[in-house]
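Take a look at the structure set out below.
Counting from 1, the numbers follow the sequence of the chain as shown.
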Amino acid sequence: MINIGETIAKLRHERNMTQEALAETLCVSPQTISKWENSVNLPDVQMLPLIADVFGVRIDALFGREDRSAEYSPDRAYEGAAEAVKRVFAGLGKPEWESEESWWATYNRYLREDERTRSAVCQQSGMVYVREAIGALALKRPAEGWHTLFRSESAARAIALLNNPDFRRALCCVLEHGMRDFTLPFLCKRAGIEDAQALESCLKESGVFEFKELTVDDQTMAFCSLVNQNAKLLPLLAALTYCAEFTDWQGVFCLFCDSSTLD
């Protein structure tokens with residue numbers, strides 16, 4: 001049976017990495033890597049996600065287990081929710097002379113034939129917006145009015161973070177490579193970021209990551225982990241999606257209903 005030390009050595013050799021290079025990436029000593037590979041001791045369990053990310057494999061692969069992720073079917077919850085929202089829009093805009101199913105087919109065709117096509121409903125209580133390419137957004141109107149959003153200091157801080165190219169580059173790298181746990185030097189190297197100290201400040205300010213310390217062979221190393229997996233990223237992804245909608249705006253609507261003032 002292949003042990004984890006043998007797997008680490010195998011993966012390291014396949015990537016033409018020296019023990020020194022792997023140690024530098026993981027912020028441990030070369031002696032620690034040697035001990036792992038020779039089964040003198042094993043990596044701490046908290047190190048396993050970092051090691052897997054460095055090699056670009058799942059944690060199961062470190063134990064010689066075959067990746068069975070392809071056996072699982074995709075979750076259909078999103079598709080069902082998006083269809084339910086579109087059904088609401090179709091009901092709001094259905095001409096009297098059209099049957100429900102005939103209009104549903106027509107409405108879907110409008111949305112899919114031209115990716116610019118949008119639908120929107122604005123009422124005093126809030127708004128709903130949908131475009132086939134990005135999905136749907138439902139927002140409640142702030143109690144004191146929409147204008148208060150432009151006074152929000154927390155929103156302004158988020159915008160300032162998104163305006164930082166290194167912060168965007170780091171998050172792009174984290175999401176693209178599925179990096180849930182990593183050392184800052186490894187992230188900087190992988191994302192091509194030179195100012196690690198400035199990036200650390202941004203990551204801490206964002207609250208998307210938590211910083212932890214781990215002692216390995218009497219040596220303390222720091223690493224980052226996504227808070228609650230990636231839950232806090234969700235509002236940020238929504239913000240980026242609709243910032244792009246604002247910038248790339250093309251006013252092609254299949255259905256637009258406005259029964260409110262802006263504020």
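L48 CG to D181 CG: the interatomic distance, rounded to the nearest 0.5 Å, is 10.0 Å. Atom OG1 in T247 sits 9.5 Å away from atom CD in E245 (nearest 0.5 Å). Note: S34 OG to L22 CG = 11.5 Å, rounded to the nearest 0.5 Å. The distance from the OG1 atom of T18 to the CD atom of E24 is 8.5 Å, given to the nearest 0.5 Å. For the atom pair CG of N3 and CD of E37, the computed distance is 10.5 Å after rounding to the nearest 0.5 Å. Put simply, CD1 on I51 and CD1 on I4 are 6.0 Å apart, with the number rounded to the nearest 0.5 Å.
A salt bridge links K10 with E14; the closest basic N to acidic carboxylate O contact falls under 4.0 Å. The pair R116-D114 meets the salt-bridge criterion, with a side-chain N (NZ, NE, NH1 or NH2) lying under 4.0 Å from an Asp/Glu carboxylate O. A salt bridge links E113 with R109: at least one charged nitrogen is closer than 4.0 Å to a carboxylate oxygen. Salt bridge E101/R87: present, at least one basic N to carboxylate O contact under 4.0 Å.
When all heavy atoms of L161 and E205 are compared, the pair lying nearest together is CD2-OE1, 4.0 Å. W146 approaches M127 most closely through the heavy-atom pair CZ2-CE, 3.6 Å. For the residue pair R131 and T117, the shortest heavy atom distance occurs at CG-O, 3.3 Å. When all heavy atoms of C254 and S119 are compared, the closest pair comes out as CB-OG, 4.4 Å. The minimum heavy-atom distance linking L162 with R168 is given by the pair O-NH1, 2.5 Å. Of all the heavy atoms in E98 and S102, the pair that sits closest is OE1-OG, 2.7 Å.
Put simply, the side chain of S152 never gets that close to the backbone of L149: no donor and acceptor are under 3.5 Å apart. Remark: the backbone N or O of L11 is paired with a side-chain donor or acceptor of R15 at under 3.5 angstrom. Judged by distance alone, the side chain of R112 and the main-chain N or O of E132 form no donor-acceptor pair under 3.5 Å.
More than 12 heavy atoms of other shown residues, nucleotides or ligands fall within 6.0 angstrom of atom CH2 in W249. The local environment of OH in Y110 is sparse, with at most 12 non-hydrogen atoms from other residues, nucleotides or ligands closer than 6.0 Å. Summarising the local packing, CD of E100 is surrounded by 12 or fewer heavy atoms from other residues, nucleotides or ligands at distances under 6.0 Å. Annotation: E210, atom CD; neighbour count of heavy atoms from other residues, nucleotides and ligands within 6.0 Å is above 12.
Judged by the 6.0 Å distance and 45° axis criteria, K86 is not positioned over the aromatic ring of Y107.
When side chains are defined from C-beta on, F167 counts as touching L203, because their heavy atoms get closer than 4.5 Å. L139 places none of its side-chain heavy atoms less than 4.5 Å from the side chain of Y129. Between L137 and T241 there is no side-chain heavy-atom pair separated by less than 4.5 Å. Between L26 and T32, every side-chain heavy-atom pair lies at or beyond the 4.5 Å cut-off. By the 4.5 Å heavy-atom criterion applied to side chains, L199 and C188 are counted as neighbours. In this structure, the side chains of C173 and R190 come closer than 4.5 Å at one or more pairs of heavy atoms. A heavy-atom distance below 4.5 Å is found between the side chains of L226 and F209. In this structure, the side chains of L237 and L175 come closer than 4.5 Å at one or more pairs of heavy atoms.
Note: the hydrophobic cluster containing V252 does not contain L255 (ILVMFWY, side chain heavy atoms under 4.5 Å, direct or indirect links). Connection of F246 to F256 is not established within any shared hydrophobic cluster, with ILVMFWY side chains joined at heavy-atom distances below 4.5 Å, either directly or through further cluster members. A continuous path of hydrophobic side-chain contacts links L187 to F211 [ILVMFWY only; heavy atoms under 4.5 Å]. Linking ILVMFWY residues whenever their side-chain heavy atoms come closer than 4.5 Å, directly or via other members, leaves V40 and I8 in distinct clusters. Residues L50 and I59 are members of one and the same hydrophobic cluster, defined by side-chain heavy-atom contacts under 4.5 angstrom among Ile, Leu, Val, Met, Phe, Trp and Tyr.
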### Query
side-chain contact (heavy atoms from CB on, under 4.5 Å) between L233 and L171: does it pass, once the steps are laid out?
CA-CA 9 Å; L233 273 177; L171 286 184; 4.2 Å; yes

### Query
Could you walk me through whether W36 and N41 pass the side-chain contact (heavy atoms from CB on, under 4.5 Å) check?
CA-CA 5 Å; W36 293 346; N41 57 28; 3.3 Å; yes

### Query
Does the side-chain contact (heavy atoms from CB on, under 4.5 Å) test come out yes or no for H177 and F182, once each step is laid out?
CA-CA 11 Å; H177 298 288; F182 50 87; over 6 Å; no

